[in-house]
Protein chains: 4
Amino acid sequence: MNTYIKDQLEKFQQENRNRGRLLVSCPDQPGIVSAISQFLFSYQANIIESSQYSTNPEGGVFFIRIEFECPGLKEKAKDMEGQFAAIAEKFSMDWKLTHVYHVKKAAIFVSKELHCLLELLWEWQSGDLMADIALVISNHEEARDAVEGLNIPFYYIPANKDIREQVEEKQLELLKEYEIDLVILARYMQILTPKFVAANPKKIINIHHSFLPAFIGARPYERAHARGVKLIGATSHYVTNDLDEGPIIEQDIARVDHRDDVDNLKKIGRRVERSVLARAVKWHIEDRIIVHQNKTIVF
Amino acid sequence: MNTYIKDQLEKFQQENRNRGRLLVSCPDQPGIVSAISQFLFSYQANIIESSQYSTNPEGGVFFIRIEFECPGLKEKAKDMEGQFAAIAEKFSMDWKLTHVYHVKKAAIFVSKELHCLLELLWEWQSGDLMADIALVISNHEEARDAVEGLNIPFYYIPANKDIREQVEEKQLELLKEYEIDLVILARYMQILTPKFVAANPKKIINIHHSFLPAFIGARPYERAHARGVKLIGATSHYVTNDLDEGPIIEQDIARVDHRDDVDNLKKIGRRVERSVLARAVKWHIEDRIIVHQNKTIVF
Amino acid sequence: MNTYIKDQLEKFQQENRNRGRLLVSCPDQPGIVSAISQFLFSYQANIIESSQYSTNPEGGVFFIRIEFECPGLKEKAKDMEGQFAAIAEKFSMDWKLTHVYHVKKAAIFVSKELHCLLELLWEWQSGDLMADIALVISNHEEARDAVEGLNIPFYYIPANKDIREQVEEKQLELLKEYEIDLVILARYMQILTPKFVAANPKKIINIHHSFLPAFIGARPYERAHARGVKLIGATSHYVTNDLDEGPIIEQDIARVDHRDDVDNLKKIGRRVERSVLARAVKWHIEDRIIVHQNKTIVF
Amino acid sequence: MNTYIKDQLEKFQQENRNRGRLLVSCPDQPGIVSAISQFLFSYQANIIESSQYSTNPEGGVFFIRIEFECPGLKEKAKDMEGQFAAIAEKFSMDWKLTHVYHVKKAAIFVSKELHCLLELLWEWQSGDLMADIALVISNHEEARDAVEGLNIPFYYIPANKDIREQVEEKQLELLKEYEIDLVILARYMQILTPKFVAANPKKIINIHHSFLPAFIGARPYERAHARGVKLIGATSHYVTNDLDEGPIIEQDIARVDHRDDVDNLKKIGRRVERSVLARAVKWHIEDRIIVHQNKTIVF
């Protein structure tokens, strides 16, 4: 990592050393917010941002994300977790408490098309993406210069259908070695096995180059052109074992017209893809996404 | 038609009595624009707006739309058509010459949901839709007040699968009686028979409440909600015998999130549907749309 | 009011008879959310939606809007207000508790251009604007038909600079008679006196036909055309005594280009104006807007 | 220039060796299109794209841009220019004939904020910006690595109010040495003298970080925040001697809300700035912009 980015990350961690986030989901009922906010108050935590949602106020599922500032968070954290467990049990909560100074470690997978990778690196250099981009893995060499130029380790691992298992074994080892929290498929044109997906639940974000569920699968721009659509889009989603069917995180579109041939659609689409993926990654890193059934709640 | 709208239409016709439009498609080759523009110049016509497109400059199909001002157009029209026939033959052109003072006569079909109808009437009242809305046909009574309040004839023709043929017979008679140029399906929830479609080629515009090709068919908002999309859309297209597969004229989308239940999607979608349909109708009325294979060129 | 709309409103009131909203602003400090949520829980109220914001978590101003469902709200309301007063005092809160079944009563002021008025009436008819549009006041007759056609009282009060005081006196009497909560200036082309504004603090919403602060004052489309902008906009804001300088509620824009003359800018702008005003009115009606200094917080 | 980009540019030049563009403006009258298209046909040129506009069909100014494919363009060019001069004289035309294989040479000026520069370099690396970025000039060192990493000459010329003339002298020399066609101010935070501007008429493109004419001058994000706008924007324009008053080429906006502090506005604004500038530069490079009075026609 180069010095400038390292300095920015360290400054960010220092500024956020007392910043925590509490994510909770549980059956809806009166008293949840009261219990959580009393708990936080008992630690002198000040609520900075709070978002909640209920699938149905009468008997649905309740979700909340609270970002708070708590003096001495690091020292209190263990005790807080212990105390909160009792509340969680009472309300049958799924929950997690995260610390903003624990910057997430990301691995980016890429093939030949670099625009999504370059966008993420751009955001990262600008200090707009507060993650530790720990390594880049590619089945091609195109990305090497851009990646190593920023002092990020680059791993070239050729891949194809026939050697999928060996390839993924190497990849999984690297993810383990670098203690990766998040895998970003930035136009990585290989299908992952159920084993790989199962090993990284809700931790793999993909960008698909169409507004799903239109044009699932291969060659979406060619098919969009053939259909004569007036909008093209991109979709970022968590990867599950159903191709392009995972929980959608973010989508966006751009306007096209009859003059745009397939090459133009791709050019225009690249702008959409890169911004959609960048937003999804940022939300994930800020713990803003809760997956519920096959959908996302983005706070 | 009420007096205010009638006055506006007459003023528009008067202002445009010398305004014509020439639409041409033919195999691409050098010399087409030269031939057409010389022809127009020989009638002292001034080109006001001109748009062209070629599917492929080397051996593709060439399309052009020219709007021109020609002193004494009405008197010269017959002669112009005769003269142009020779050029058209030389270049193997499909072509038509339209007169802006021939305001198009439209029939609107609607069921229970009135938002698309109301939008068209709103645009029409504001002088933004220069058509003669000659009649409204519905299989329900909901629209009667709004339509008759503007002195537009309203025909209530109950419809269902079993009596489709009789219903369409009545409808076709009305279209003939009113000399209709354009049928607008403004959320008309009945499927048309191939016979009806064949009788009105490239003359029926529908609004579908999804960004096609996603969610073809029934209940698109329910399915969009189930899939957890972050955008919903609407598509206006010419009707062919393949359900929701006709040439797309216009599409647009709106952003939604996890808080939006199906009812909300419908509410938000209504805004998109009505503006998408209104744009498509306006472009049709201004002879801006050329259908080529299963796509539209919108000039 | 016609029967259909009346039925919709009554249904809405019935469904929301136990729905309340609490809006609070106070100096930020830990414990506020905890105190409020405990208070609500003590009345068995279930929090449905909650949004908060702090100008600065360290020593800034804290704002919160909570929508809740409370069995027997009507009966408990008085007691709740009494109990909450103590909390409010402790935290130096500005606050109000509103009841969703108290549908707000609105007066619309309009001149000759009807598009904003028609949009509001359209939303109202569609059941998307849950207010009681109690009367329309105009200095012209253009709107009468559309308004009386919906059984809304229409008052024609001619106005000009010289008789401003008498005119406003009549208007204020009508506002009093109809117990108006909200005045909507839907392209009402008269300037209001400080006296009128002072009598209706944070209760008058205006639509200005530019993206403020560009093109403050008269003839914004003409000036936008002269400047050659590529975007035109509209701004909805609360009216204060500084012309077009009140707190901005909502803004939007549309894309234009060199071909658009002033008339076209106006046509395109009408679509922006009407949707911007409709959104602002809806947020006001749902108690989503808090004015702080000269800005709005929209929850 | 690195090999990959060089190869792309050469391929582009080879593919477009017969591609020309004709830009014309003159008093409107019948016969212009006819004369131009006959002229092109006489050289066997095929019209690929044609756009025209008239400020007023009756007695206004007429503008046209034609892109054409002409076998042997290079050899015919001189003769064509000679022949066209006669037509031009007859119709009192301003005109130019450009050759697509003459790739424009651009200089980028930048200060400390790199986002606009990085975007242009990104587009350039992706093959989406067909220019020769010949050099980068900066009054700071921040950009050096990114620029030299792509083998583009980087010139560090410290600048401030007091040494403006000497600085510009050096800059003008470099522009001359590199035969620069276009100067791009990619957030260059120095004011240019009338002398510098006069030496480069319609050749300097600036990005201003507000939707002009709102927030002309310094610190637009700070002032946007103070005013509480709900949209922030960026404007790309040709530089004239009136600060931020030159002909607008492109504008765009992004939505913000009360939660966004000044730093956030800047972050969001960076995305808008970089895409607005990139579009303007691309249009300039493709000879799509005609300046008329203080406005642009963008074909």
Side-chain angles (χ1 to χ4, degrees), chain A residues 15-22 24 26-73 76 80 83-84 87 90-91 100 254-255 257 297 299, chain C residues 15-22 24 26-73 76 80 83-84 87 90-91 100 254-255 257 297 299:
Chain A
E15 283 172 4
N16 288 280
R17 67 192 181 287
N18 290 326
R19 189 63 66 99
R21 295 172 188 141
L22 186 60
V24 170
C26 64
D28 201 3
Q29 60 176 285
I32 305 171
V33 178
S34 174
I36 296 175
S37 55
Q38 263 184 276
F39 163 80
L40 288 172
F41 181 49
S42 73
Y43 285 90
Q44 288 304 309
N46 196 12
I47 297 175
I48 302 301
E49 193 185 325
S50 168
S51 311
Q52 60 174 79
Y53 165 67
S54 180
T55 55
N56 181 348
E58 294 163 28
V61 184
F62 173 89
F63 304 89
I64 194 164
R65 175 191 184 274
I66 293 177
E67 189 160 328
F68 59 89
E69 188 75 21
C70 179
L73 176 62
K76 295 178 184 169
M80 286 178 85
Q83 292 293 325
F84 196 72
I87 296 172
K90 183 180 160 202
F91 287 93
V100 177
R255 195 161 273 280
D257 68 29
I297 291 139
F299 279 136
Chain C
E15 284 173 0
N16 288 280
R17 67 193 180 286
N18 290 326
R19 188 63 67 102
R21 294 171 189 143
L22 186 59
V24 170
C26 64
D28 200 2
Q29 60 176 286
I32 304 171
V33 179
S34 174
I36 296 176
S37 54
Q38 263 184 278
F39 164 79
L40 287 171
F41 181 49
S42 74
Y43 286 90
Q44 289 303 310
N46 195 12
I47 297 175
I48 302 300
E49 194 185 325
S50 169
S51 312
Q52 60 175 78
Y53 165 67
S54 180
T55 55
N56 180 348
E58 294 162 28
V61 185
F62 173 88
F63 304 89
I64 195 164
R65 176 191 183 273
I66 294 177
E67 189 160 327
F68 59 88
E69 187 75 21
C70 180
L73 176 62
K76 296 177 183 169
M80 286 176 86
Q83 292 292 327
F84 195 73
I87 297 171
K90 183 179 159 201
F91 288 92
V100 177
R255 194 160 274 280
D257 68 29
I297 291 139
F299 280 136

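Residue numbers begin at 1 in each chain, while the letters A, B, ... track the order of the sequences. Here the structure is a predicted model, which means the values were calculated and not measured.
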Worksheet item: Which pairs pass salt bridge (charged side-chain N to carboxylate O under 4.0 Å, His left out) with one or both residues in residues 29-56 of chain C, sequence neighbours excluded?
Response: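 Qualifying pairs: Glu49(C)-Arg65(C), Glu49(C)-Arg288(C).
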Worksheet entry | Options Tyr53(C), Phe41(C), Phe68(C), Phe62(C), ranked by heavy-atom pairs under 4.5 Å with chain A, top entry |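 Sorted descending by pairs with chain A, the first entry is Phe41(C).
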Item to complete: Measure across Gln52(C) and Ile64(C) and return the closest heavy-atom pair with its distance rounded to 0.1 Å.
Response: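 For Gln52(C) and Ile64(C), the tightest heavy-atom pair comes out as CB-CG1, 3.9 Å.
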Worksheet entry | CA sep, side-chain torsions, deciding dist, call: Val24(A), Phe84(A), side chain to side chain contact (heavy atoms under 4.5 Å, CB included) | CA-CA 11 Å; Val24(A) 170; Phe84(A) 196 72; 4.1 Å; yes
Discussion item. Need one label for Ser54(A): side chain, backbone, both or neither, based on atoms under 4.5 Å from any heavy atom in chain C.
Written reply: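 No part of Ser54(A) comes within 4.5 Å of chain C.
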Worksheet entry | Which residues share a salt bridge (charged side-chain N to carboxylate O under 4.0 Å, His left out) with Glu69(C), sequence neighbours left out |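 Arg19(C).
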Discussion item. Tell me which of these, Ala35(A), Ser34(A), Ala45(A), has more heavy-atom pairs under 4.5 Å with chain C than the rest.
Written reply: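 Looking at each option in turn, the highest pair count goes to Ser34(A).
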